[in-house]
Amino acid sequence: MEIIRTVAELKAKLDTARKNGSIGLVPTMGALHAGHLSLIQRARSENDTVVVSVFVNPTQFNNPTDLATYPRTEEADTAMLREAGVDYAFIPSVEEIYPEPDTRQFDLGPVAEVMEGAMRPGHFNGVAQIVSKLFDFTRPTRAYFGEKDFQQIAVIRRMAELEGFDLEIVDCPIKREDDGLAMSSRNVRLTPEQRAIAPAIHRTLESSLDWAADHSVEATKRYVIDEINSFPHMQVEYYEIVDALTMQPITDWEQTESAVGCVTVFCGDVRLIDNIKYPKRK
């Protein structure tokens, strides 16, 4: 595996690699875990060359404290990437990615206006900035993203359409700990007591599948919020049940072919996200 620090070197390496077949890109912010590895394994199985970016992107953080406390573990990350059989690890500086401020504003539309878009102003524009840069630098055949960030995938698809990128965006299932907690780089910030409680998020989402069978959308939302909030240290920021394609909230199960429940929970001061797919109503 080669570690690349500059855009010029990355482009040169991938121009050569592209002549020999497909390129798979896995964008990450580092602090890698088994969830990232599952994306890398998928990319490895489907492409001739695999490049993983490791970059904590400042433009997608609307909370300076969150940016400052985001874990950075380059030595452990590179060891994991070597073990996973990655060809190129792209680990640039902020100055390399943003030699000057990125002032682009993307017309991301309704998919970016709800949930995370409403709670974190500017977040998705920052995501579009960095992912569009990575797509431009690497020109991948395929790019891989985890479904834990369900809304983000819809936003990236919209950005790729706007910018005319010719690639396949591959969404991959959520990877979970043995107790059900969605794997996240933020999990390391949980105290032992919080870590023991956090799996209740996924348990509640799963139990809501049975509840939803004979309750309305609104009653199901209330059930999930009340149940999670009943645990110490946990406070739901939002729980929305949305159409899986448009990200728009639904009020009736019959409104959509595919409903997804998306939740954000503060466990202490750590912000955790998760989601679950509800079965289509007959």
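Computation of the quantities below employed the complete heavy-atom set of this structure, encompassing side-chain atoms and omitting hydrogens, waters and symmetry-equivalent molecules.
Between E116 and R271, at least one side-chain nitrogen of the basic residue sits less than 4.0 Å from a carboxylate oxygen of the acidic one, meeting the salt-bridge criterion. A salt bridge does not link K133 to D136: none of the charged side-chain nitrogens sits closer than 4.0 Å to a carboxylate oxygen.
V188 and M29 sit in two unconnected hydrophobic clusters of ILVMFWY residues. Membership requires side-chain heavy atoms under 4.5 Å apart, directly or through other members. Hydrophobic clustering of Ile, Leu, Val, Met, Phe, Trp and Tyr side chains at less than 4.5 Å, counting indirect connections, unites V155 with I130.
Side-chain contact check for S22 and E46: no donor-acceptor pair (N or O, by modelled atom type) lies under 3.5 Å.
Here the CD1 atom belonging to I91 is positioned 5.0 Å from the CZ atom belonging to R5, to the nearest 0.5 angstrom. From I201, atom CD1 reaches atom CG of N275 across 12.0 Å, with rounding to the nearest 0.5 Å. How far NZ of K19 is from OG1 of T49: 12.5 Å, rounded to the nearest 0.5 Å. With values rounded to the nearest 0.5 angstrom, Q152 atom CD is found 12.0 Å from M115 atom CE.
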### Task
Output, in order, the C-alpha distance, side-chain angles, deciding distance and verdict of side-chain contact (heavy atoms from CB on, under 4.5 Å) for V260 and K277.
CA-CA 4 Å; V260 177; K277 297 174 183 177; 4.1 Å; yes

#### Entry: Verdict with reasoning, Y278 to S208, per side chain to side chain donor-acceptor pair (under 3.5 Å)
CA-CA 9 Å; Y278 289 94; S208 78; 2.7 Å; yes

### Evaluation steps, side chain to side chain donor-acceptor pair (under 3.5 Å), between Y70 and N57
CA-CA 10 Å; Y70 199 88; N57 174 44; over 6 Å; no

### Task
Step by step, work out the side chain to side chain donor-acceptor pair (under 3.5 Å) result for E227 and T204.
CA-CA 7 Å; E227 185 71 13; T204 301; 4.9 Å; no

### Message
Assess the residue pair M119 and T264 against the criterion (side-chain contact (heavy atoms from CB on, under 4.5 Å)); give the C-alpha distance rounded to whole Å, side-chain angles, the decisive distance to 0.1 Å, and a yes or no.
### Response
CA-CA 10 Å; M119 294 295 175; T264 298; over 6 Å; no

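Taking A219 as the reference, W211, H215, S216 meet the side-chain contact (heavy atoms from CB on, under 4.5 Å) condition, with sequence neighbours excluded. With sequence neighbours excluded, the residues satisfying side-chain contact (heavy atoms from CB on, under 4.5 Å) with E9 are E2, I4, T6, K13. Residues meeting the side-chain hydrogen bond (donor to acceptor under 3.5 Å, both in side chains) test with R104, sequence neighbours left out: D102, S132. With sequence neighbours excluded, no residue forms a ring pair (Phe, Tyr, Trp, His ring centres under 6.0 Å) with H233. A search for side-chain contact (heavy atoms from CB on, under 4.5 Å) contacts involving S93 returns E95, E96, not counting sequence neighbours.
Pairs engaging residues 127-170 under the ring-ring contact (aromatic ring centres under 6.0 Å, His included) rule: F135-F165 [sequence neighbours left out].
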